[in-house]
Amino acid sequence: MEPKDDSNGLCEPKGLFIKDRKQDQIELRFKNLYYTVSLGFGKGTKDVLKNINGVFAPSQLVAIMGPSGAGKSSLLDVISGYNLRGVRGNVTVNGEERRLDSFRRLSCYIQQDDRLQPLLTVNENMHIAANLKLSKDKTQKYKDAVVDEILSTLGLYKCKATRTARLSGGQKKRLSIALELINNPMVMFLDEPTTGLDSSSCSQCISLLQLLAHQGRTIICTIHQPSASLFQMFDQVYILSQGTCLYQGSTGNVIPYLSKLELPCPLYHNPADFVIELACGDHGNDKIEKMAKEIENGKCVTWTGHSDLLAINDAPLGAPKKISKEVDVVHETSPYNQLKCLLHRGFLKCKRDPDLTYLRIIVNIIVSVLLGTLFLQIGDDGSKIFDNYNLLFSLLMHHVGSTLMLNIINFPAEISILTKEHFNRWYSLKSYYIAMNILDIPITTFGCLIFSVIIYLMTGQPLEWNRFGMFTFICWLMVLISQSLGFIIGAWFSVINGNFVGPIIVVLLMVFSGFGVNLRDIPYLLKWGTEISFLRYGLDALVAAMYDKRGILPCYTLYCHYKYPSKFLDEVAMTTDHFNYDVYALLITLLITRVVAYFLLRLRVRSRVSL
Ligand SMILES: Nc1ncnc2c1ncn2[C@@H]1O[C@H](COP(=O)(O)OP(=O)(O)OP(=O)(O)O)[C@@H](O)[C@H]1O
């Protein structure tokens with residue numbers, strides 16, 4: 001039976017994914033927490049969080065509030081374990097020092113920007129997440145039931161078949177929450193879940209979080225300046241100003257707290273607005289100091305309204321130390337299952353986005369026809385050997401340039417989704433990388449093959465299967481290497497910087513390829529450039545594929561200076577006996593660049609820097 005759903009409202013859950021898990025409840029504490037960032041070379045450091053303390057109790061919806069730049073997102077990043085660099089102090093989970101590997105099994109982090117797969121429907125996104133996040137022993141029927149229950153609870157059931165790109169802002173936000181709810185985390189961190197939503201979507205989103213929190217979860221979110229009614233929906237508030245805590249306690253206690261400090265909230269004034277005004281220093285910096293002192297920078301828990309809550313100083317905490325490093329986190333399903341799911345998702349994305357797939361094929365057809373027309377039937381002509389050499393170089397440039405730029409532009413967008421999903425333990429980076437490599441092979445191979453067939457026939461290259469095979473294989477290797485280079489640049493640079501760096505690299509590859517500047521004329525000190533330019537190996541190999549054991553070329557004019565290919569090859573300092581050597585060099589380059597791309601991607605994902 002179809003679950004009851006109002007696509008705008010929330011339903012009561014049936015209890016499949018939202019069970020009473022009081023025994024699993026999580027209390028988070030932090031003590032003497034500092035977060036220090038470097039301001040750049042020679043500019044010193046800045047303490048974003050300054051010796052703050054706090055406690056986030058279970059079954060509570062907590063709002064971290066404060067003016068812009070107060071350190072709200074930084075606090076969320078630090079306690080969730082998303083950010084470890086520059087952090088000092090203690091973070092404990094139910095009284096024990098937080099161990100990231102186990103903590104990440106219990107928690108999830110939903111970023112401010114919706115990092116969703118736009119081409120997949122809500123249902124597909126949910127099912128892929130369920131297959132990745134629920135253990136293998138759960139039946140498909142169970143997974144379907146969980147997905148349906150979450151979707152109807154979050155008011156998304158009627159949008160099941162809608163593509164994510166077509167959802168409204170509020171629906172996207174709910175889908176982000178729904179995806180992370182699949183494995184029922186007990187702690188949820190949300191960075192500004194209401195940003196960009198209208199007031200009705202805001203209150204829907206917060207009432208959903210309230211519902212989830214009151215089922216036993218600890219839900220912590222940052223929020224800018226909530227309306228009075230939204231503010232009342234939170235159980236607890238943690239107010240920050242310039243990295244220090246000004247208040248920690250229940251929403252209802254904010255006004256009594258301020259009255260005690262002789263800072264009465266004006267009648268008919270939204271307490272959230274008033275407290276932000278105080279935190280901004282609008283009523284004087286002395287008020288900020290007064291509040292921080294009263295709340296002991298977060299150590300005082302009396303305003304939380306929980307008499308059983310231990311004060312920060314009374315709770316068992318070890319001596320302050322550097323927060324432990326991340327260890328490899330175990331995922332819910334096997335690498336094989338992760339690979340299967342990621343391949344399935346990648347296949348769906350390719351199917352839904354035929355534009356890029358078709359574009360790649362069409363570009364290959366257009367460029368090959370264009371080059372074929374320019375260099376029509378020159379392959380067997382003794383007077384056109386120089387033109388044929390130009391053709392070989394031009395087609396290599398097409399393969400390198402188009403593939404490199406495509407990946408420089410596309411790859412960074414994938415990284416932000418990957419960072420989120422990897423942090424929330426959907427899959428390992430290895431599975432992702434293998435799937436990504438496999439997914440591109442069919443289209444790359446097809447594009448290369450079609451390009452080679454057209455250009456080979458149009459330009460009248462020798463009709464021998466082995467030469468055609470060698471020609472296509474070299475083009476294919478060049479595309480794969482350019483793709484790896486695109487991954488390297490995409491993993492390391494932003495799209496803008498990548499667009500600047502990419503063409504520079506192509507120019508350097510050209511300079512050292514032996515085309516234009518003869519390999520013999522390259523100064524000794526710059527010879528290393530020719531050793532690492534894969535374009536040189538590609539060109540050398542293509543020349544070998546076309547001219548090895550060719551004998552005298554037919555001459556259709558009075559005099560053909562280069563009818564002996566060896567004469568021409570000697571002039572451009574190329575040989576035909578290096579084909580195998582060139583292939584090995586290209587294979588090694590491919591291997592090295594793929595490995596380097598993987599490690600750079602790993603570094604980028606682990607540092608979680610967004611460019
Ligand atoms: N890696 C960093 N390098 C330099 N400064 C940083 C870094 N991370 C945070 N900051 C600075 O720390 C302060 C707090 O940043 P944070 O993003 O936590 O603020 P916020 O309260 O979430 O602000 P907003 O509400 O505007 O998002 C800001 O002044 C920010 O510039």
Side-chain angles (χ1 to χ4, degrees), residues 10 18 25-30 52-68 70-73 75-76 79-80 107-110 112 154 170 173-174 176-177 180-181 185-241 245-258 265 269-279 291 295 298 300-306 309:
L10 311 170
I18 303 177
Q25 288 186 346
I26 305 286
E27 182 196 81
L28 270 175
R29 278 171 186 267
F30 50 97
I52 56 167
N53 308 274
V55 52
F56 298 140
S59 292
Q60 300 284 292
L61 176 60
V62 186
I64 301 177
M65 280 172 50
S68 183
K72 304 180 293 292
S73 303
L75 177 59
L76 209 61
I79 50 177
S80 64
S107 63
C108 72
Y109 190 0
I110 299 163
Q112 190 177 343
L154 270 64
K173 195 63 75 186
R174 279 184 274 154
S176 298
I177 298 172
E180 299 310 331
L181 271 179
M186 290 309 290
V187 184
M188 296 179 80
F189 300 98
L190 297 103
D191 195 7
E192 309 213 359
T194 55
T195 300
L197 303 186
D198 59 35
S199 62
S200 125
S201 308
C202 271
S203 65
Q204 260 184 48
C205 180
I206 300 300
S207 40
L208 164 68
L209 295 176
Q210 196 185 44
L211 174 81
L212 297 170
H214 293 168
Q215 281 155 353
R217 293 180 181 80
T218 313
I219 302 192
I220 304 145
C221 50
T222 60
I223 189 149
H224 249 118
Q225 210 154 349
S227 63
S229 58
L230 214 59
F231 182 65
Q232 294 305 327
M233 291 166 85
F234 288 93
D235 301 303
Q236 301 284 325
V237 210
Y238 191 94
I239 295 164
L240 274 172
S241 169
C245 174
L246 301 194
Y247 174 74
Q248 168 180 225
S250 68
T251 332
N253 276 340
V254 170
I255 293 175
Y257 171 77
L258 294 175
C265 177
H269 207 90
N270 174 5
D273 287 345
F274 184 59
V275 90
I276 296 290
E277 281 167 22
L278 286 167
M291 288 169 81
I295 209 75
C300 170
V301 295
T302 45
W303 298 94
T304 57
H306 294 282
L309 210 60

Set of side chain to side chain donor-acceptor pair (under 3.5 Å) partners for E192, sequence neighbours left out: T195, H224
Evaluation steps, side chain to side chain contact (heavy atoms under 4.5 Å, CB included), between F231 and V237: CA-CA 9 Å; F231 182 65; V237 210; 3.9 Å; yes
Test item: E27 side-chain N/O and A57 main-chain N/O as donor-acceptor pair under 3.5 Å: no
For D273 against P226, the heavy-atom pair lying closest together: OD1-O, 4.4 Å
Side chain R217, main chain L212, donor-acceptor under 3.5 Å: yes
Interatomic distance, C245 atom SG to M291 atom CE [nearest 0.5 angstrom]: 9.0 Å
Under 3.5 Å: donor-acceptor pair, side chain of T304, backbone of G249: no
Parallel, tilted or perpendicular: rings of F274 and H269 (30°, 60°): perpendicular
Shortest non-hydrogen separation from I177 to C205 and the atoms involved: CD1-SG, 4.2 Å
Heavy-atom side-chain contact between T222 and F189 under 4.5 Å: no
Heavy-atom donor-acceptor pair, K72 side chain to P67 backbone, under 3.5 Å: yes
Nearest-0.5 Å distance that lies between atom CD in E180 and atom OG in S107: 10.0 Å
Close side-chain approach of L208 to L154, heavy-atom, < 4.5 Å: yes
Residue pair L190 / Y109, side-chain heavy-atom distance below 4.5 Å: no
Full working for side-chain hydrogen bond (donor to acceptor under 3.5 Å, both in side chains) between S59 and Q25: CA-CA 8 Å; S59 292; Q25 288 186 346; 3.1 Å; yes
Minimum side-chain heavy-atom gap P193-I110 below 4.5 Å: no
Exam field: side chain T251 to backbone F234, donor-acceptor pair closer than 3.5 Å: yes
From CG (N53) to SG (C300), nearest 0.5 Å: 11.0 Å
Donor-acceptor contact present, side-chain S250 to main-chain D235, <3.5 Å: no
Considering all heavy atoms, the nearest C265-P271 contact: SG-CA, 4.0 Å
Nearest-0.5 Å distance that lies between atom CD in Q215 and atom CD in Q210: 11.0 Å
Nearest atoms (heavy-atom pairs only) where Y238 meets G54: CE1-CA, 4.0 Å
Heavy-atom side-chain contact between T194 and K173 under 4.5 Å: no
Parallel, tilted or perpendicular: ring planes of W303 versus Y247, cut at 30 and 60 degrees: tilted
From CZ (R174) to CG (L209), nearest 0.5 Å: 11.5 Å
Shortest non-hydrogen contact between A213 and L61, atoms and distance: CB-N, 3.9 Å
Taking every non-hydrogen atom, the tightest pair across A70 and L240: CB-O, 3.6 Å
Spacing of CG belonging to L278 relative to OG belonging to S241, to within rounding of 0.5 Å: 9.5 Å
Any I239 side-chain heavy atom under 4.5 Å of I295 side chain: no
F30 side chain near V55 side chain, heavy-atom distance below 4.5 Å: no
Heavy-atom side-chain contact between L76 and I64 under 4.5 Å: yes
Residues T218, I220; criterion side chain to side chain contact (heavy atoms under 4.5 Å, CB included); working and verdict: CA-CA 7 Å; T218 313; I220 304 145; 4.2 Å; yes
